[in-house]
Amino acid sequence: MPASAHTLVIQTAFLGDVVLTTPLLTALAVRHGPIDIVTTPAAALLIETHPAVRQTISYDKRGADRGWDGLRRLARGLREQRYRRAYIPHRSLRSAALALLARIPSRIGFAGTWSFLYTESRRKPTEGHESDRLLALADGAPAAYPPQLRPTPSDVQAAADLLEGAGIGYGTPLIAIAPGSIWGSKRWPYYLELARQLSERADVVLVGGPDDVALGDEIVRAAEGGGGPGGGGGRRRVVNACGKLTLRQSAALIGRAALVVTNDSAPLHLATAMGTPVVAVFGPTVPEFGFGPLRAWDVSLGIDGLQCRPCSAHGPPACPLGHHRCMRELTVEAVLAAIEETGALRRRR
Ligand code: SF4
């Protein structure tokens with residue numbers, strides 16, 4: 001095991017939240033040295049190569065470590081590490097209790113319901129991007145650290161191999177599409193048509209996890225039905241990478257693309273962390289919640305003037321009004337125009 005760390009971060013929220021915590025990890029490492037982080041098994045593999053991280057400690061809170069027994073078991077292990085301080089960006093009882101049970105003497109979290117379990121609570125800003133709001137936990141840190149991920153050379157090679165196996169080399173524009181979301185109402189319904197039209201001008205790769213495989217296959221079939229490779233018509237490749245790569249390899253694949261088209265979901269933050277431009281499609285949520293694209297050259301699209309929008313913090317599983325106008329009225333033409341404007345269809349990677 002590497003030399004001991006004194007600082008622990010506990011962040012077991014959604015994957016995108018963990019990516020947006022990486023500026024905080026950087027700020028804390030600058031101040032205290034490399035940090036350890038307790039996070040979900042999926043996020044642990046994604047950020048174990050981050051330069052601020054000494055080691056990741058996987059906490060399978062919905063699986064093997066479920067319930068109080070799992071929490072106490074993990075706390076016992078943390079106690080042996082004798083951390084001096086814990087930072088807890090996720091406002092949750094479980095995270096606050098874990099730091100307490102691990103007997104970490106200095107426990108710093110955001111003010112809220114569980115503040116009484118901390119030794120120090122800080123106000124979480126209500127404005128600004130979530131990555132900057134989380135950075136406020138490292139009191140006084142400059143908001144100059146961007147989200148960042150570091151796939152390894154073998155991750156990059158795995159992504160390159162997948163593309164090469166599908167006949168996609170360097171030198172042509174490559175657009176990544178992330179069509180999935182765990183929140184049904186946040187899925188834009190026209191990715192099939194978008195991929196078909198994009199494939200007239202660029203290679204297209206579909207990124208996502210195992211849950212997105214069927215949707216990815218459907219998009220590939222739709223594109224090929226319109227005259228894809230083997231179907232004639234001069235189209236380029238459309239390849240389904242959903243479920244075929246690890247998260248870090250997927251990040252590497254996103255890093256290779258000229259642009260990512262995505263819903264308001266984790267791939268948006270992966271793209272930000274990999275420096276890849278984004279066109280993000282917002283339905284029941286809005287960028288003003290603090291989870292939108294970060295850079296000036298990124299684009300957010302959404303239907304303005306809908307009285308029901310936004311309708312929830314995360315996006316409901318399905319439209320509560322049944323019409324899903326926030327997504328259905330956002331046309332393929334509008335998304336294509338935004339992509340065109342970024343210049344990505346002329347960029348060769
Ligand atoms: S209620 Fe409105 S904002 Fe919410 S999912 Fe339906 S159309 Fe979208």
Side-chain angles (χ1 to χ4, degrees), residues 13-20 62 90-92 124-133 175-198 206-219 222 242 259-272 277-295 298-342:
F14 290 112
L15 190 66
D17 297 298
V18 178
V19 176
L20 296 182
R62 305 203 193 287
H90 186 206
R91 282 191 277 217
S92 91
K124 186 172 182 187
T126 52
E127 303 284 314
H129 196 272
E130 178 69 0
S131 59
D132 293 334
R133 298 192 299 225
I175 306 294
I177 293 179
S181 169
I182 51 173
W183 313 99
S185 65
K186 291 210 284 196
R187 279 182 223 130
W188 186 57
Y190 305 130
Y191 283 114
L192 276 73
E193 181 57 20
L194 179 73
R196 197 187 66 72
Q197 293 200 34
L198 273 178
L206 306 164
V207 293
D211 291 345
D212 305 313
V213 173
L215 176 57
D217 284 343
E218 200 184 338
I219 293 171
C242 298
L259 178 86
V260 175
V261 187
T262 176
N263 305 311
D264 172 20
S265 58
L268 192 168
H269 309 305
L270 292 180
T272 302
V278 171
V279 168
V281 178
F282 284 77
T285 55
V286 290
E288 290 73 20
F289 285 171
F291 296 87
L294 256 174
R295 291 89 37 106
D298 293 327
V299 180
S300 299
L301 296 173
I303 298 294
D304 292 328
L306 263 188
Q307 278 201 338
C308 57
R309 180 172 183 262
C311 69
S312 91
H314 288 296
C319 173
L321 300 178
H323 53 59
H324 207 200
R325 285 179 57 196
C326 63
M327 282 299 198
R328 286 197 305 102
E329 292 187 2
L330 195 52
T331 63
V332 171
E333 289 68 32
V335 176
L336 275 172
I339 294 169
E340 184 73 65
E341 192 122 320
T342 65

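Numbering of ligands and ligand atoms starts at 1, following listing order.
Under 2.8 Å from atom 8 (Fe) of ligand 1, one finds the following protein N/O/S atoms: C326 SG.
Here the CG atom belonging to D304 is positioned 11.5 Å from the CD atom belonging to E329, to the nearest 0.5 angstrom. Note that CD1 of I219 is 9.0 Å distant from CG of D212, once rounded to the nearest 0.5 Å.
Looking at heavy atoms from C-beta onward, P284 lies in side-chain contact with K186 at the 4.5 angstrom threshold.
Ring planes of W183 and H314: parallel class, angle under 30° (limits at 30 and 60°).
No more than 12 heavy atoms of other residues, nucleotides or ligands lie within 6.0 Å of CZ in R62, so this atom counts as exposed by the packing criterion.
Between N263 and S181, the side chains place no donor N or O within less than 3.5 Å of an acceptor N or O (distance only, hydrogens not considered).
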